[in-house]
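These notes are about the structure you will find just below.
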Amino acid sequence: MQVLPNGLKLLPGFLSRSEQEDLLEEVRAKAAIAPLFVPKMPRTGKPMSVRMTNFGSLGWVTDKEKGYRYQPTHPETGDPWPDIPVKLLEIWEEHANYEKPPEACLVNYYEPDAKMGLHQDRDEEDFDAPVLSISLGDRCLFRYGGKNRNDPTKSFKLESGDVMLLSGASRLIFHGVDRIYPGTSTLLKREGRINLTLRRVTR
Ligand code: MD3
Ligand code: FE
């Protein structure tokens with residue numbers, strides 16, 4: 001495990017190819033029930049370039065009218081989110097070092113030209129719980145800074161199968177995805193990247 005500045009922990013190549021394939025298969029099956037949706041920015045309604053869905057008792061959604069929030073149902077189907085894959089619960093159990101299980105698994109799907117601007121994750125009640133991220137598919141350029149937007153940033157590449165743990169000081173750092181490198185992984189059927197983030201929302 002690599003520990004980067006601000007206590008951000010990286011486990012490169014944590015998942016084997018066959019573990020990635022199994023996980024992807026499960027994500028695909030669950031995303032067929034809870035389809036990817038286009039998140040819209042609060043107030044402006046501007047679409048984000050990433051598409052999303054969620055698994056778990058709570059899912060992160062955003063739209064023009066109600067903004068960023070967690071809710072128990074899919075914004076378009078109105079159905080409860082599918083369960084979090086057991087494999088992901090096991091990874092949390094082993095590596096999160098936190099007594100309660102995750103409530104949300106946010107699924108971000110990046111087309112080759114998608115990105116995510118620098119932001120903090122502050123929509124959870126519980127900032128003591130870590131966030132655990134798993135990358136699948138094409139490589140990306142991940143950027144992170146400090147707790148203030150103007151703090152200097154560093155960037156590194158995240159690859160398919162990498163796991164990242166954001167706990168302690170790293171939990172409230174600014175972070176984003178500058179770009180995807182299309183065609184750098186053969187895991188997905190087409191170009192693009194999937195990121196799964198496990199979070200505890202309530203205390
Ligand atoms: C650092 N996702 O969903 S994962 C997000 O690759 C998000 O899709 C990115 O940022 C992605 O909010 C980055 C790594 C990550 C996730 C959550 C964090 C880094 C984080 C929360 C706090 C600090
Ligand atoms: Fe984030």
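The model shown is predicted, which means the values in this text are computed figures rather than measured ones. Each residue takes its place number in the sequence, starting with 1. Ligands are counted one by one from 1 in listed order, and the atoms in each one are counted from 1 as well.
The hydrophobic side chain of Val3 is isolated, with no ILVMFWY side chain under 4.5 Å apart from it.
Remark: of the listed residues Arg200, Arg171, Arg69, Arg171 is the sole one forming a salt bridge (Lys or Arg N to Asp or Glu O under 4.0 Å) with Glu124.
Note: Phe174 and His119 fail the aromatic proximity criterion, with ring centroids not under 6.0 Å apart.
For ligand 1, the 4.0 Å heavy-atom shell contains residues Leu106, Asn108, Tyr110, Met116, His119, Asp121, Val131, Ser133, Phe142, Met164, Leu166, Ser170, Arg171, Ile173, His175, Val177, Arg193, Asn195, Thr197, Arg199.
The NE2 atom of His119 and the OD1 atom of Asp121 subtend an angle of 80° at the Fe ion (ligand 2), given to the nearest 10 degrees.
Of all N/O/S atoms in His175, NE2 sits nearest the Fe ion (ligand 2).
Ring geometry for Trp60 against Tyr68 counts as tilted: the plane angle lies between 30° and 60°, on a 0 to 90° scale.
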Scan the side chains in residues 87-98 for donor-acceptor partners under 3.5 Å anywhere in the protein, sequence neighbours excluded, and list what turns up.
unit_1 : atom_1 : unit_2 : atom_2 : d
Lys87  : NZ     : Glu19  : OE2    : 2.9
Trp92  : NE1    : Lys100 : O      : 3.0
Tyr98  : OH     : Asp126 : OD2    : 2.3

Let me see the working for Arg51 and Glu111 under salt bridge (Lys or Arg N to Asp or Glu O under 4.0 Å), right down to the final yes or no.
CA-CA 8 Å; Arg51 284 189 284 156; Glu111 302 265 358; 2.7 Å; yes
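Not a single ring-ring contact (aromatic ring centres under 6.0 Å, His included) links Tyr109 to another residue, sequence neighbours left out.
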